[in-house]
Structure formats: structure tokens, C-alpha cells
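Counting begins at 1 with the first residue of the sequence.
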Amino acid sequence: MVPAVFVSLGYSEHNIVIAFLKTIAVTVVAGAVFYLLGLKAQKKFYAREGLVCVGLAWVALSLTGALPFVFSGEIPHYIDALFEIVSGFTTTGASVVKSVEDLSKGILYWRSFPHWIGGMGVLVFVLAIIPVFSKSSGSSFYLLRAESPGPDVGKMTPRIRQTAMLSYIMYIVLTVLDVIFLLIGHMPLFDSICVAFGTAGTGGFGIRNDSIASYTPFAQNVCTVFMIMFGVNFGLYYHLIRGKALTVLKDEEFRFYIFTYIAASAVIILNLKSAGTEVTNTTVRNSFFTAASIMTTTGFATTDFNLWPSLSKAVLLFLMFCGASAGSTGGGIKCSRVIILFKSLRRNVHHYLHPNRVQTVRYNGKTVDEEVVTNTNIYLTAYVMIVIFSVILVSIDGFSFESNFSAVMATFNNIGPGFDVVGPTGNFAAYSYFSKIIFIADMLAGRLEIFPILVFFSRSTWKRS
């Protein structure tokens with residue numbers, strides 16, 4: 001929170017400075033208490049500890065991160081403040097603030113900064129900067145596996161800490177380039193930094209009420225390009241740096257990701273044309289921007305896609321479900337899982353036709369371990385059950401099914417805007433506090449890919465081994 005303090009000082013927002021200092025004091029005291037409680041803790045660290053540590057760390061960060069909103073009085077109710085900060089850390093971008101332009105600069109900065117930290121992963125950041133973790137590769141691996149998005153965790157280098165550091169170096173370089181290009185597009189410095197945080201983390205908190213719509217077309221195009229770039233698996237950038245461009249082009253997930261994005265954008269443009277919309281540069285730009293924003297689960301908006309024809313909205317709904325690449329900052333199910341699910345389905349159909357033939361699921365020319373296939377199917381099962389359960393619970397508020405379903409999809413997939421009440425020109429303020437708690441749980445479960453949150457409810461998690 002120290003950078004946010006300096007931002008507030010720079011804009012002479014002294015009451016906001018006090019709010020941050022109060023929160024810093026709370027976190028220091030809480031940290032000291034937990035440190036003392038853990039002095040005699042066992043040093044053994046396995047998968048269970050990794051899952052619980054990641055889940056509790058994100059909950060603790062959210063509970064304390066909401067305090068500046070409350071202490072400053074700018075989001076006075078704690079549940080609303082918690083919703084806003086969880087939306088920030090999980091890179092969702094859903095908001096309960098009706099007019100973001102009324103917020104102070106310090107609070108706007110603090111609202112956007114968690115996107116950047118949460119995009120790559122809070123504990124990945126810890127692994128990169130704290131040397132103590134390099135002494136215990138087991139703890140590092142289990143933390144990285146529990147927090148990293150996608151069906152499997154690959155290491156760029158033999159050491160986990162080096163992998164985390166390399167990821168953040170690439171992340172920082174791309175973020176700085178994003179800021180530079182936004183400045184070239186005549187976006188103010190403060191706006192450029194906050195928008196870059198939202199783009200890099202694929203978060204989507206805008207600092208203007210119209211999100212990105214009032215910025216120049218050049219700035220919007222910059223956001224489109226960088227949203228797509230941050231939706232790519234960062235491991236592919238490592239291959240690119242090492243001169244293995246062919247490996248990148250042959251990657252199945254990368255090809256599926258780019259093809260799906262281009263095809264979805266083209267369908268939207270054709271659908272808008274058939275619905276009577278004149279196809280201009282603005283139409284094309286909005287179509288490609290919106291498809292990138294939804295597929296990468298960023299959530300920025302340049303137009304009210306709530307008014308688009310049904311086919312275009314159906315395409316956006318599919319992109320919500322699909323999401324970006326594994327190992328990126330994007331959310332959703334991930335393209336790699338979608339590929340594995342399709343190939344697994346095809347394998348099972350062929351098995352019915354040829355029961356005696358041994359068939360495997362292959363991905364990037366290699367046989368996929370059956371454990372990965374099973375875990376992918378289990379993930380999809382848990383995904384569907386949570387979506388159904390959440391939609392039923394939030395429907396108590398009485399909004400339309402389109403609003404409720406898209407609100408759950410938007411929060412669980414860490415996208416931000418949905419349709420109808422929660423469309424790009426609306427927000428989540430109208431929902432009850434009960435529904436907001438459901439959305440908070442969905443955002444955390446979606447960002448951590450379900451299991452670090454589900455393990456909290458397992459009795460065996462809390463038994464001594």
C-alpha cells in the first residue's frame with residue numbers, strides 16, 4: 001500500500017493517506033501475531049498445505065485490502081468494499097461503484113493495482129522476491145501449482161524461484177511497454193498506469209465511467225493488442241526469447257486461442273452487419289476490442305455490447321466460458337482445458353465404436369497423462385455445479401435469468417461485465433449483500449481454479465497427518 005500512500009500525497013488527499021496508514025498498521029499487527037503463532041509450526045509442506053496456504057492468503061489479503069475503502073468512507077459498507085477489492089485481486093473488474101470518477105486518485109490507484117499483483121499471482125510474486133522459499137523447493141512448487149492457472153504447471157527453468165522471477169520480469173517489461181504505448185496515444189500518465197494494470201492483469205477496472213470508450217482509437221487498439229498478449233501463456237514468451245519461434249507457432253493452445261479470437265470477432269462483425277449496423281472502422285475496432293476483452297477476461301468496454309444482436313451475445317458468452325491460455329493472466333476454463341475436453345470426448349466416442357482399440361489423448365504431439373484428463377473432467381464437473389448453485393442462490397434477488405446467469409459467469413470467470421443489469425453500462429450495486437457474498441466466493445474460486453477454495457470444506461483438510 002506504500003505506493004498508494006505516495007499517490008495520495010501527490011494529490012494532497014490527506015484523509016486517504018490516513019486511511020492507508022490505518023490499514024498498514026492493521027496488517028503489520030496481524031502479520032506479527034500470525035508470525036508469533038507460527039514459530040513452532042512444523043516445516044513439512046505438501047500439496048494440502050499448498051492449497052490451504054494459497055486459499056487463506058488470498059482471503060486474508062482481501063479482508064485487509066478492503067479496509068482503505070471503508071476507512072476513507074468512499075465505499076463505506078464493508079461487504080461492498082470487500083466485493084470491490086476481491087474483484088481487483090482476482091482480476092475480475094466487476095464493480096459496485098456507480099461513479100468511479102467520484103473516487104479519489106489514491107483509492108482509484110489502490111483499486112487498480114491489485115489487478116497487476118493478482119494477474120500473475122500474489123504468491124508467485126512472493127516466490128520471486130523472498131529468498132527463504134529457494135531453500136524449500138517443495139513448498140515453492142506446491143504454492144506455484146495451487147495458484148497458477150491451467151491444467152498443469154510447467155517450469156521454465158529447473159528452479160521454481162527462477163521461474164517465478166523470470167515470469168515477473170517478462171510481466172514487468174510488457175506492462176512498461178503498455179504504459180509507453182498508451183502515453184503515445186495521448187492518455188494521461190495516471191490513466192496510463194491504471195489502465196496498464198488492468199490490461200496486464202486482464203482485470204478491467206476503468207477509472208472513467210465509460211471504461212475505455214472516451215480514449216483515442218489508438219489507445220483502444222493498444223489495449224486490444226496487449227490484452228491478447230497478456231492472454232498468451234507466458235511460457236511461450238520464454239521460448240520466443242530463446243529463439244524457438246517455431247515451438248510457439250506449433251503450440252496447439254496458442255493456435256486455438258488466436259483462431260477462436262479472430263473467428264469470434266469476424267462472426268460479431270458479420271452479425272452486426274446483418275442486423276443493419278453499418279460496418280465502419282469503429283464497428284470493426286469495437287468488435288475486435290470486445291472479443292479480446294471478454295476472451296482474455298479483462299472486462300474493458302468501448303461500446304454497450306448489451307445492445308448487440310443475440311448471436312453476438314452468444315459468441316461473447318462462449319468466450320466467457322472458454323477464457324484465455326493456461327499460464328496467462330486471463331481467467332475462464334482456459335483454452336488448453338477446452339482442447340483436452342474436446343479430445344477426450346472424441347476419444348470416448350471412438351472407444352464406443354472400437355472398444356478393443358487403445359486410444360490416448362494427445363496434446364502438442366505428446367500423450368496426455370490420464371490423471372490430467374481425469375482432473376480436467378473433474379474440474380468441469382465442479383465448474384458446472386458451482387455455476388448452477390450460484391445462479392439459484394442469486395436468483396433470490398428477483399432479477400432476470402440473463403442478468404443472474406451472466407453475473408455468475410462474469411464473476412466466476414473473472415470477466416467483470418455481463419448482460420442486462422450487469423452489462424457494460426451497469427454494475428453489481430443493485431444485488432443484495434447475500435448475493436454479493438456469493439459473487440465474492442465465485443471470484444475467489446474462479447481465480448484460484450476452484451480447488452484451493454473447495455478444500456476448506458473438506459474435513460480431512462484440517463486433520464493432523
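Side chain of Asn413 to main chain of Ile415: no donor-acceptor pair is present (N/O by atom type, distance under 3.5 Å, no hydrogens or angles). In terms of modelled atom types and a separation under 3.5 Å, the side chain of Asp251 and the main chain of Thr247 share no donor-acceptor contact. Counting only distance, with no hydrogens or angles, the side chain of Ser406 and the backbone of Gly418 share no donor-acceptor pair below 3.5 Å. No side-chain donor-acceptor contact under 3.5 Å links Thr92 to the backbone of Ala94. Between the side chain of Asp397 and the backbone N or O of Ser432 there is at least one donor-acceptor pair closer than 3.5 Å. Of the possible donor and acceptor atoms, none in the side chain of Thr298 sits under 3.5 Å from a partner among the backbone N and O of Phe300. When atom types are taken as modelled, the side chain of Ser325 and the backbone of Gly231 share a donor-acceptor pair closer than 3.5 angstrom. No side-chain donor-acceptor contact under 3.5 Å links Glu74 to the backbone of Ile107. At least one donor-acceptor pair closer than 3.5 Å links the side chain of Asn414 to the backbone N or O of Met443. At least one donor-acceptor pair under 3.5 Å links the side chain of Thr411 to the backbone N or O of Val408.
Rounded to the nearest 0.5 Å, atoms OG (Ser403) and CZ (Phe401) are 10.5 Å apart. For the atom pair Glu84 CD and Lys436 NZ, the distance stands at 10.0 Å (nearest 0.5 Å). We find the CG-CE distance between Leu236 and Met229 to be 12.0 Å, quoted to the nearest 0.5 Å. Separating the CD1 atom in Ile386 from the CG atom in Asp442 is a distance of 7.5 Å, to the nearest 0.5 Å. Distance check: Ile212 CD1 to Asp191 CG gives 9.0 Å after rounding to the nearest 0.5 Å. Here Phe230 contributes atom CZ and Ser328 contributes atom OG; the two are 10.5 Å apart, rounded to the nearest 0.5 Å.
Considering only heavy atoms from C-beta on, Thr360 stays 4.5 Å or farther from Val368 through its side chain. Between Ser344 and Asn377, some side-chain heavy-atom pair lies under the 4.5 Å cut-off. No side-chain heavy atom of Ser435 sits less than 4.5 Å from a side-chain heavy atom of Ile396.
Aromatic ring pairs are classed by plane angle as parallel below 30°, tilted from 30° to 60° and perpendicular above 60°; the pair Phe321 and Phe318 is tilted. Relative ring orientation between Phe412 and Tyr383 is described as tilted, the plane-to-plane angle lying within the 30° to 60° band.
Partners of Tyr11 according to the ring-ring contact (aromatic ring centres under 6.0 Å, His included) rule, which considers only residues two or more places apart in sequence or in another chain, are Phe190.
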For residues 59-68, dump all side-chain donor-acceptor pairs below 3.5 Å to protein atoms at least two apart in sequence or in another chain.
residue : atom : partner : partner atom : Å
Ser62   : OG   : Trp58   : O            : 2.8
Thr64   : OG1  : Ala60   : O            : 2.9
Thr64   : OG1  : Leu61   : O            : 3.3

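Remark: aromatic rings of Phe234 and Tyr237 are close, center separation under 6.0 Å. Separation of the Phe205 and Trp110 ring centroids does not fall under the 6.0 Å cut-off. The six-membered or imidazole ring of Tyr171 lies near that of Tyr168, with a centre-to-centre distance under 6.0 Å.
The cationic group of Lys22 lies under 6.0 Å from the six-membered ring centre of Phe71 and within 45° of the ring axis, placing it in a cation-pi geometry. Seen from the ring of Phe419, Lys313 counts as a face-on cation partner, given the 6.0 Å and 45° thresholds.
Between Lys105 and Glu13 no salt bridge is recorded (no basic side-chain N to carboxylate O distance below 4.0 Å).
Just one of Leu454, Val455, Leu51 meets the side chain to side chain contact (heavy atoms under 4.5 Å, CB included) condition when paired with Thr461; it is Val455. With Trp116 as reference, Thr175 is the one residue of Thr91, Thr199, Thr175 to meet the side chain to side chain donor-acceptor pair (under 3.5 Å) rule.
No more than 12 heavy atoms of other residues, nucleotides or ligands shown are found within 6.0 angstrom of CZ on Phe389.
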